[in-house]
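Numbering of residues begins at 1 and proceeds along the displayed sequence. Excluded from the calculations below are hydrogen atoms, water molecules and symmetry mates; all remaining heavy atoms, backbone and side chain alike, are included.
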Amino acid sequence: VGGDLARTLGGRGDRARLAAEGGTHVAVDLGAALIDGHLHWFLAHLVARGSWLRGRVVVAANAAFIGSWNIAPRAHPGDGRLDVLDADPPFGDRVRARRRLPAGTHVPHPAISVRRTAAAQFDFDRRTRIWLDGRPLGRASSVSVRLEPAAVDVWV
């Protein structure tokens with residue numbers, strides 16, 4: 001009932017609608033993350049970062065939203081692709097991009113790499129904090145992500 005995946009699929013988090021008849025069935029992709037050799041799963045997104053205000057930020061998005069931010073405006077959880085953003089813009093550009101995140105207009109930007117892929121590998125110079133679906137996991141120096149297409153059934 002809600003969350004970043006539901007918002008991406010058009011859900012409004014209304015419990016009464018959940019109990020109602022009908023709805024739309026969507027087969028969504030499931031993200032697999034190999035983090036320093038340990039397998040973890042995610043539905044909406046993986047985020048690897050120190051601070052939002054400085055340092056490298058990597059997002060592997062199966063859903064468009066992280067909270068109120070439309071971080072990956074082209075992401076769709078059933079298209080077989082992750083939208084991967086890899087960014088380390090200068091402070092001024094970072095502040096301007098942050099203001100544009102709710103509308104999803106922070107991209108394209110020359111300091112934000114965006115690619116759509118079924119799998120990706122990231123190595124970090126130092127152990128970096130990792131979040132899966134908004135929950136902190138710990139720190140890692142190596143992350144591999146891939147998708148299991150249409151692995152989860154969701155009704156909206």
Given R81 and D29, is the salt bridge (charged side-chain N to carboxylate O under 4.0 Å, His left out) satisfied, shown in steps?
CA-CA 8 Å; R81 298 284 182 258; D29 305 328; over 6 Å; no
For the pair H45 and D4, evaluate side-chain hydrogen bond (donor to acceptor under 3.5 Å, both in side chains) and give the outcome as yes or no after the intermediate values.
CA-CA 9 Å; H45 39 70; D4 299 329; 2.7 Å; yes
Checking V145 against F122 for the side-chain contact (heavy atoms from CB on, under 4.5 Å) test, could you report, in this order, the C-alpha distance in whole Å, the side-chain angles of both residues, the deciding distance, and whether it holds?
CA-CA 9 Å; V145 292; F122 310 102; 4.1 Å; yes
List the steps and the verdict of side-chain contact (heavy atoms from CB on, under 4.5 Å) for V143 and F124.
CA-CA 9 Å; V143 175; F124 302 98; 4.0 Å; yes
Please step through side-chain contact (heavy atoms from CB on, under 4.5 Å) for the pair I130 and R49, ending with a clear verdict.
CA-CA 7 Å; I130 308 292; R49 66 171 177 81; over 6 Å; no
Report the C-alpha distance between W69 and H106 in whole Å, list the side-chain angles of each, state the deciding distance to 0.1 Å, and finish with yes or no for side-chain contact (heavy atoms from CB on, under 4.5 Å).
CA-CA 10 Å; W69 294 348; H106 58 291; over 6 Å; no
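When all heavy atoms of D123 and Q121 are compared, the pair lying nearest together is OD1-NE2, 3.1 Å. Nearest heavy atoms, T8 versus A75: CG2-O, 4.1 Å. Among all heavy-atom pairs drawn from A33 and L46, the shortest one is CB-CD1, 3.8 Å. Closest of all the heavy-atom pairs between L85 and A72 is CD1-CB, 4.1 Å. Minimum interatomic distance between A32 and F42 (heavy atoms only, all atoms of both residues): N-CE2, 4.0 Å. Here the shortest heavy-atom pairing between L30 and A151 reads CB-CB, 3.8 Å.
Of the possible polar contacts, one joining the T128 side chain to the R126 backbone as a donor-acceptor pair under 3.5 Å is found.
To the nearest 0.5 angstrom, L34 atom CG is 7.0 Å from S142 atom OG. Within the model, atoms CG of L101 and CG of N70 stand 8.5 Å from one another, a figure rounded to the nearest 0.5 Å. Between I71 atom CD1 and I66 atom CD1 the span is 4.5 Å, to the nearest 0.5 Å.
Note on I112: it does not cluster hydrophobically with F91, by side-chain heavy-atom contacts below 4.5 Å among ILVMFWY residues. Connection of W41 to L132 is not established within any shared hydrophobic cluster, with ILVMFWY side chains joined at heavy-atom distances below 4.5 Å, either directly or through further cluster members. Both V58 and L137 are part of a single hydrophobic cluster, where members link through side-chain heavy atoms under 4.5 Å apart. Cluster membership for V84 and V57, using ILVMFWY side-chain heavy atoms within less than 4.5 angstrom, is not shared. V114 and L82 fall into different hydrophobic clusters, where Ile, Leu, Val, Met, Phe, Trp and Tyr side chains are chained together by heavy-atom contacts under 4.5 Å.
Counting heavy atoms of neighbouring residues, nucleotides and ligands inside a 6.0 Å radius, atom CZ of R100 does not exceed 12 of them. Environment of CG in D153: crowded, with over 12 heavy atoms of neighbouring residues, nucleotides or ligands closer than 6.0 Å. Within 6.0 Å of NE2 in H25 there are more than 12 heavy atoms belonging to other residues, nucleotides or ligands. Within 6.0 Å of the CZ atom in R115, the count of heavy atoms belonging to other residues, nucleotides or ligands exceeds 12.
Salt bridge absent: D83 and R74 never bring a charged side-chain N and a carboxylate O closer than 4.0 Å.
L5 has its side chain within reach of P77: a pair of non-hydrogen atoms, C-beta onward, lies under 4.5 Å apart.
Contacts classified as side-chain hydrogen bond (donor to acceptor under 3.5 Å, both in side chains) and involving residues 85-96 (residues at least two apart or in different chains) are given here: R56-D86, D88-R94, D93-R96.
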